[in-house]
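Data first, discussion second: the structure below is written as structure tokens.
The residues of the chain are indexed from 1 along the displayed sequence. All ligand and atom numbering here is 1-based and tracks the order in the structure. All values derive from a computational prediction rather than experimental measurement.
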Amino acid sequence: MLILGIETSCDETGVALYDTQQGLLGHKLHSQVAMHAHYGGVVPELASRDHIRQVLPLTHALLGEHGLVFKDLDGLAYTQGPGLAGALLVGASVANGLAWSLNIPAIGIHHLEGHLLSPLLATPAPTFPFIALLVSGGHTQIMQVTRIGEYQLLGETVDDAAGEAFDKTAQLLGLGYPGGPLIAELAQRGRPGHFQLPRPMINNGNLNFSFSGLKTAVLTLVRGKTLSAEDKANVAAEFQAAAIDVLVAKSLSALESTRMQQLVVAGGVGANAHLRQRLDKAAKEKRFQVFYPPLALCTDNGAMIALAGGLRLAAKSTSNPTLQAHPVSHAFTVMPRWDLQALPTI
Ligand code: KG4
Ligand code: ZN
């Protein structure tokens with residue numbers, strides 16, 4: 001089955017082609033980062049309008065590059081939630097409109113399921129079951145993934161997400177948006193330990209996180225001071241070390257308490273090189289395997305949505321061979337808030 005995946009939940013328009021036999025054929029992304037950078041964060045109204053502008057030209061370009069046309073598609077997958085309501089509506093309406101006109105099914109995908117499954121696009125890929133550390137701008141969760149749709153939440157942030165803490169710290173240091181990659185770059189020139197920041201909840205015996213205290217500690221450290229370039233690099237290095245110490249410690253506890261041997265890291269913060277180095281080192285020492293999505297697929301993209309859609313549609317068509325001939329209704333809704341644990345298994 002050839003699936004076109006469409007991601008429009010936030011500030012990236014992503015489209016991808018996934019073939020259930022051949023794997024990912026290709027993907028394209030238009031980032032709105034430059035447009036939102038002016039405002040220091042995502043402006044929902046601008047995001048939706050830009051998705052409208054980008055989604056069809058990107059799709060045409062992707063199909064064209066692969067010598068394909070709409071009629072070659074067997075299904076559509078789109079991000080149905082969670083995310084910005086207006087932005088989600090763009091992808092949902094384009095996907096359902098196309099699917100209706102082509103008489104093929106369209107499936108709504110949970111954005112976090114896309115992130116969780118994205119390491120399946122790496123080589124080697126993990127096998128079920130595994131522990132997933134999901135670290136994005138909006139979420140910080142540790143999940144036990146037994147099979148597609150069977151996700152048990154083991155722990156999550158009680159306040160800010162890890163990516164949000166990177167973004168807010170970057171803002172406090174006057175670095176710009178999105179902060180994660182900028183903090184990571186600056187941290188290379190700094191020394192962790194020069195300033196001291198807390199490792200919130202690192203030893204509290206459960207798998208929950210808290211990042212808002214860490215952000216406040218950065219605020220207290222920098223408020224009212226004129227920081228030299230060296231100071232800023234030292235703050236960035238210590239902040240990154242503190243956030244990553246906690247992410248690594250909790251991931252190791254999750255592996256230990258569940259006796260699982262595979263860890264999957266997904267979401268934008270999963271692109272962080274320091275996090276990857278720390279986890280790779282721990283994996284060697286403690287003999288577990290760690291999997292990351294290809295670097296370009298850590299942050300939001302259409303490939304993870306096409307993959308999740310392909311896996312779900314392929315499972316549906318084997319359990320219901322008439323699905324192809326009689327696609328489901330194309331009435332749709334979006335889910336700006338959506339519990340990952342409420343998804344059906346396949
Ligand atoms: O998964 P994602 O693209 O979007 C959400 O679904 O939230 O994640 C975006 C987040 C942002 O907070 C960004 O600052 C962070 O991922 N991020 C990073 C890095 N690259 C992106 N954080 C730390 N280090 C990075 N290299
Ligand atoms: Zn995301």
Exercise. Less than 3.5 Å between some nitrogen or oxygen of G267 and one of ligand 1, yes or no?
Worked result: no
For this session: Could you find the nearest protein heavy atom to atom 24 (N) of ligand 1 and give me its residue, atom name and distance?
Result: N272 ND2, 3.0 Å
Exercise. Step by step, would you call Q262 with F291 a side chain to side chain contact (heavy atoms under 4.5 Å, CB included)?
Worked result: CA-CA 8 Å; Q262 297 179 99; F291 300 88; 3.5 Å; yes
Exercise. Side chain to side chain donor-acceptor pair (under 3.5 Å) with N272: which of Q240, R278, Q277?
Worked result: Q240
Exercise. Got an N/O contact under 3.5 Å between G163 and ligand 1?
Worked result: yes
For this session: Keeping the roles fixed (side chain from E256, backbone from S253), state whether a donor-acceptor pair exists under 3.5 Å.
Result: no
Exercise. Should we count NZ of K71 as having more than 12 external heavy atoms under 6.0 Å?
Worked result: no
For this session: Determine whether the side chain, the backbone, both or neither of H139 has a heavy atom under 4.0 Å from any heavy atom of ligand 1.
Result: neither
For this session: Mark yes or no for whether D50, through its side chain, and L46, through its backbone, hold a donor-acceptor pair below 3.5 Å.
Result: no
For this session: Check ligand 1 against T299 and write out every atom of the ligand that is under 4.0 Å from a heavy-atom position of the residue.
Result: 3 (O)
Problem set entry | For atom 17 (N) of ligand 1, the protein heavy atom that lies nearest, with its residue and separation | G268 O, 3.5 Å
Exercise. Should P181 be listed as contacting ligand 1, given a heavy-atom distance under 4.0 Å as the test?
Worked result: yes
Exercise. What are the atoms of ligand 1, with element, lying closer than 4.0 Å to any heavy atom of G138?
Worked result: 7 (O)
For this session: Hey, could you give me each pair passing ring pair (Phe, Tyr, Trp, His ring centres under 6.0 Å) that has a residue in residues 234-289? Not counting sequence neighbours.
Result: F166-F239
Exercise. So, is G137 polar-close to ligand 1, with some N/O to N/O distance under 3.5 Å?
Worked result: yes
Seminar exercise, completed: protein heavy-atom neighbour closest to atom 18 (C) of ligand 1 works out as G180 CA, 3.5 Å
Exercise. Atoms of ligand 1 less than 4.0 Å from H115 heavy atoms?
Worked result: 1 (O), 6 (O)
Exercise. Stepwise, does the side chain to side chain contact (heavy atoms under 4.5 Å, CB included) test hold for V265 with V290?
Worked result: CA-CA 8 Å; V265 182; V290 57; 4.1 Å; yes
Exercise. Nearest protein heavy atom to atom 3 (O) of ligand 1, by residue and atom, and its distance?
Worked result: D300 N, 3.1 Å
Seminar exercise, completed: Tested for side chain to side chain donor-acceptor pair (under 3.5 Å) against H51, the lone hit among T13, D11, T8 is T13
Seminar exercise, completed: Contacts of T216 meeting side-chain hydrogen bond (donor to acceptor under 3.5 Å, both in side chains) (sequence neighbours excluded), chain-then-number -> none
Problem set entry | Any pair counted as ring pair (Phe, Tyr, Trp, His ring centres under 6.0 Å), so long as it reaches residues 94-121, sequence neighbours left out | H110-W338, H111-H115
Exercise. In terms of side-chain geometry, is the basic nitrogen of E164 or K215 positioned less than 4.0 Å from the acidic oxygen of its partner?
Worked result: no
Problem set entry | F166 N/O under 3.5 Å from ligand 1 N/O | no
For this session: Can you check the number of protein N/O/S atoms within less than 2.8 Å of the Zn ion (ligand 2)?
Result: 3
For this session: Provide the number and element of each atom of ligand 1 under 4.0 Å from a heavy atom of D167.
Result: 11 (C), 12 (O), 13 (C), 14 (O)
Exercise. Which pair of heavy atoms, one from A85 and one from P336, lies closest together, and at what distance?
Worked result: CB-CG, 3.7 Å
Problem set entry | CA sep, side-chain torsions, deciding dist, call: D280, Y292, side chain to side chain donor-acceptor pair (under 3.5 Å) | CA-CA 10 Å; D280 288 343; Y292 312 95; 2.8 Å; yes
